[in-house]
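Have a look at the structure below, then the notes.
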Amino acid sequence: MSSEKKEAAGPSDFIRDIVAKHVAERKYPQIHTRFPPEPNGYLHIGHAKSICLNFGIAREFGGICNLRMDDTNPTKEEVEYVDSIQEDVNWLIAGWADQNLGLKEKGKTPEMIASNGTRDFYLKASVGAVPKTGAGKTAVEPFYASDYFDQLYEYAEELIRKGKAYVCDLTPKETDEYRGAPDRPGKDSPWRNRSTEECLDLFRRMREGEFPDGARSLRAKIDMASPNIWLRDPLLYRIRHAEHHHTGPKWRIYPLYDFAHCLSDYLEGITHSICTLEFEVHRALYDWILENLELPRPLPKQYEFAKLIPGYMIVSKRKLIQLVNEKIVAGWDDPRLPTISGIRRRGVPASALRKFAMGVGVTKYISVTDIALYEHAIREELNKIAQRRLAVLRPIKVVITNYPAGQVEELDAVNNPEDDAAGKRKVPFSGELFIERDDFMENAAPKFFRLRPGGEVRLKYAYIIKCEEVVKDEGGRIVELRCRADLDSKTGGATANRKIKGTIHWVSAAHAIDAEARLYDRLFTEVEPEKDGRDFKAVLNPHSLEVVTAKCEPGLRGATAEERYQFERLGYFALDKESAQGKLAFNRTITLKDTWAKESVKKA
RNA sequence: UGCCCGAUGGUGUAACGGUAGCACAGCAGACUCUGGAUCUGUUUGUCAUGGUUCAAAUCCAUGUCGGGCAGCCA
């Protein structure tokens with residue numbers, strides 16, 4: 001296959017191979033996947049991989065991917081999370097797979113249909129829609145596992161009637177003891193052979209709220225001696241006197257993941273249920289439930305892949321919450337966090353996140369992904385679209401001694417050398433400038449290409465200057481550089497083609513505007529912050545955020561949140577949401593590759 | 001010492017019995033009014049041992065190492 005063809009065909013991996021085979025066999029009328037987060041936290045970069053996989057497959061095979069809240073545990077879930085999940089998914093797939101996003105009409109629950117002569121439930125997705133509540137639009141919303149509680153309850157009774165499930169009175173502790181251990185079989189619950197009638201009666205009374213939490217449970221009757229722990233009469237329902245964020249006070253019993261998930265997939269007509277490796281051992285149970293219910297339509301199948309573990313990040317929900325609660329970061333969307341909202345706020349384009357998530361591939365091999373892959377994807381994307389601007393992060397004053405006092409020139413500056421269509425803009429130049437403190441070295445190393453006493457450097461888009469005097473204060477700190485410009489060397493001028501090794505950025509002191517620049521770096525100093533159970537707080541990077549006041553070219557006054565900027569020679573920046581009129585704040589998404597920094601480190 | 005899964009350069013992956021390829025990172029160079037970008041070249045790899053085969057990263061066996069599973073979490 002040629003590389004071009006391969007590109008058009010999308011990535012290839014073992015799951016897509018399976019799907020492609022099913023498509024070729026016409027096994028299903030349409031490929032249907034789903035992305036089913038539990039709304040108990042914010043989505044992070046790991047979810048991005050799952051989203052790209054599930055929506056990517058739908059997109060590549062002309063299918064649908066449902067967004068579903070896997071909300072079967074009322075004590076952990078909140079609407080705040082539902083909203084953020086929806087927002088994050090929309091952002092990530094916008095312009096890429098929105099036409100494959102499966103949602104449903106607001107308030108709709110599964111409908112009773114007749115399939116192959118039997119009673120059946122089904123909830124169709126409405127595709128190509130984004131959540132809209134405006135007048136005249138059909139209101140749509142994500143799927144919710146909790147919308148299936150009625151059907152799930154019926155399926156549970158059906159299992160009881162078939163003698164495949166029973167109400168068990170063992171306490172949680174006893175249940176645990178009866179389960180045995182991986183290398184030791186469990187033993188049957190004394191309630192295992194309770195009559196169907198009694199089970200039905202008890203289960204109904206559980207639903208009515210007659211018993212306290214933990215008093216009874218509904219269990220599948222499988223095999224207490226199974227080598228697979230999840231087949232040792234797993235719990236299907238537990239009693240929980242708790243209000244649910246979506247169903248309110250209606251229920252006192254809630255289904256567990258294993259019971260709810262496979263059936264939710266079935267109800268939505270999912271064909272390929274893709275999840276992470278830790279559910280591999282649950283697959284037998286997933287199949288068992290569906291098969292024992294003898295459902296009329298084709299059954300969904302579960303496939304597992306290795307989740308993303310990016311270096312220098314933590315992704316565990318518990319730890320993320322800890323960072324937020326202990327105010328180590330500024331909130332769920334802190335730009336240092338690997339949450340999708342943090343990544344977005346940092347200025348990473350959705351296309352870059354997707355590129356990364358697709359690029360890491362899909363396998364069953366668990367590994368730590370090099371953060372360089374992530375950073376490369378971001379730079380590659382930003383390089384193509386970012387508007388170049390001049391800004392000085394740590395200014396030092398430069399006076400051009402031979403430049404006419406009071407003169408101001410409007411110089412042409414290229415907006416994006418990667419894109420001619422981006423055009424040019426004017427940047428004011430004058431005899432008093434700011435340059436980057438790092439771009440001057442009093443005792444420069446031989447390969448330092450920038451400004452040094454007596455040395456020359458090119459000011460980007462402007463003149464070549466020579467440093468003639470270094471002015472210091474009483475403390476010996478450099479306060480000003482007095483330089484002489486080669487006035488013929490201006491871009492387009494007589495000596496414009498003189499070869500000067502270094503080119504630096506600058507801003508005109510009188511015209512510069514101030515902006516807060518938030519310089520973000522990785523949050524941790526170790527690739528695996530939690531390696532060997534170490535406290536991740538011990539390896540926090542103390543320099544993960546540095547805030548400076550940058551001197552910016554005046555054009556940046558009109559910066560927008562949508563636009564991406566490259567501050568030349570420094571990095572990519574995005575306007576933060578906290579920016580207000582007259583008070584600009586930029587987040588540094590990522591630095592430019594810096595070979596000089598690497599070089600100087602090598603020497604040290 | 002139970003069951004399940006996995007192992008290809010430093011990292012992520014491809015090769016589906018027939019030349020171990022790609023990307024990142026690294027290194028060297030070219031070019032450059034961004035030490036950016038781009039371009040060229042390049043170092044490094046099939047966990048081990050047997051077996052099947054004309055031919056094995058691929059199939060089989062054994063071993064080693066790593067991971068998952070004993071929530072009324074998902």
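Here is how names work: the chains are called A, B, and so on, in the same order as the sequence lines, proteins then strands, and each is numbered from 1.
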Exercise for the section: Indicate, with a heavy-atom threshold strictly under 4.0 Å, whether A/Gln566 touches base, sugar-phosphate, or nothing. Expected result: base
Practice task
Give one of base, sugar-phosphate or nothing for A/Thr363, where a contact means two heavy atoms less than 4.0 Å apart.
Solution key: sugar-phosphate
Problem - Span that lies between the C1' atom of B/U13 and that of B/C54, in whole angstrom - result: 31 Å
Problem - Base-pair map of RNA chain B as dot-bracket, where | denotes pairing with a different strand and pairs are Watson-Crick or G-U under 3.5 Å - result: .((((((..((((....[..)))).(((((.......)))))....(((((..]....))))))))))).....
Problem - Rounded interatomic separation in angstrom, taking CD from A/Glu599 and C1' from B/G29 - result: 14 Å
Practice task
Take atom NE2 of A/His376 and atom P of B/A37, then tell me their distance rounded to the nearest Å.
Solution key: 9 Å
Practice task
Starting from the C-alpha separation in whole Å, work towards a yes-or-no answer on side chain to side chain donor-acceptor pair (under 3.5 Å) for A/His261 and A/Arg34.
Solution key: CA-CA 11 Å; A/His261 204 91; A/Arg34 103 264 95 112; 2.6 Å; yes
Exercise for the section: May I have the distance from A/Ile229 (atom CD1) to B/A70 (atom C1'), rounded to whole angstrom? Expected result: 4 Å
Exercise for the section: Describe the nucleic acid contact of A/Tyr365 in one word from base, sugar-phosphate, nothing, applying a heavy-atom distance below 4.0 Å. Expected result: sugar-phosphate
Exercise for the section: Please state the P separation for the pair B/G45 and B/G63 - nearest whole angstrom. Expected result: 29 Å
Handout entry: Test applied, side-chain contact (heavy atoms from CB on, under 4.5 Å); reference residue, A/Phe259; option that passes from A/Leu235, A/Leu285, A/Leu218, A/Ile289
Key = A/Ile289
Problem - Pairwise C1' distance for B/G12 and B/U38, with rounding to whole Å - result: 24 Å
Handout entry: Sorted by number, the residues of residues 280-288 of chain A with heavy-atom contact under 4.0 Å to RNA chain B
Key = A/Glu280, A/Val281, A/His282
Exercise for the section: Please determine if A/Lys364 and A/Glu280 form a salt bridge, counting it only when a charged side-chain N lies under 4.0 Å from a carboxylate O. Expected result: yes
Practice task
Please state whether the rings of A/Phe279 and A/His282 are parallel, tilted or perpendicular, taking 30° and 60° as the class boundaries.
Solution key: perpendicular
Exercise for the section: Give the ring-plane orientation class for A/Tyr153 versus A/Phe203, where under 30° counts as parallel, over 60° as perpendicular and anything between as tilted. Expected result: parallel
Fill in the blank from the handout: Nearest-nucleotide check on RNA chain B, A/Asp70 vs A/Ala496; residue mapping nearer the 5' end is A/Ala496
Exercise for the section: Classify the nucleic acid contact of A/Val368 as base, sugar-phosphate or nothing, counting any heavy atom under 4.0 Å across all strands shown. Expected result: sugar-phosphate
Practice task
Cation-pi check, A/Arg216 to A/Phe211: give yes when NZ or CZ is under 6.0 Å from the six-membered ring centre and within 45° of the ring axis, no otherwise.
Solution key: yes
Exercise for the section: Would you classify B/G71 as syn or anti? Syn applies when the glycosidic angle is within 90° of 0. Expected result: syn
Problem - Base-contact (B) and sugar-phosphate-only (S) positions in nucleotides 17-22 of chain B, heavy-atom cut-off under 4.0 Å, - elsewhere - result: ------
Practice task
Scan A/Lys593 against the nucleic acid and name what it touches under 4.0 Å (heavy atoms): base, sugar-phosphate only, or nothing.
Solution key: sugar-phosphate
Practice task
Describe the nucleic acid contact of A/Arg379 in one word from base, sugar-phosphate, nothing, applying a heavy-atom distance below 4.0 Å.
Solution key: nothing
Practice task
Describe the nucleic acid contact of A/Arg458 in one word from base, sugar-phosphate, nothing, applying a heavy-atom distance below 4.0 Å.
Solution key: base
Exercise for the section: Rounded off to whole Å, could you give me the CD1-to-P distance for the A/Ile500 and B/G35 pair? Expected result: 13 Å
Exercise for the section: Measure from NZ or CZ of A/Arg522 to the centre of the six-membered ring of A/Tyr312, then state whether that distance is under 6.0 Å and the direction lies within 45° of the axis. Expected result: yes
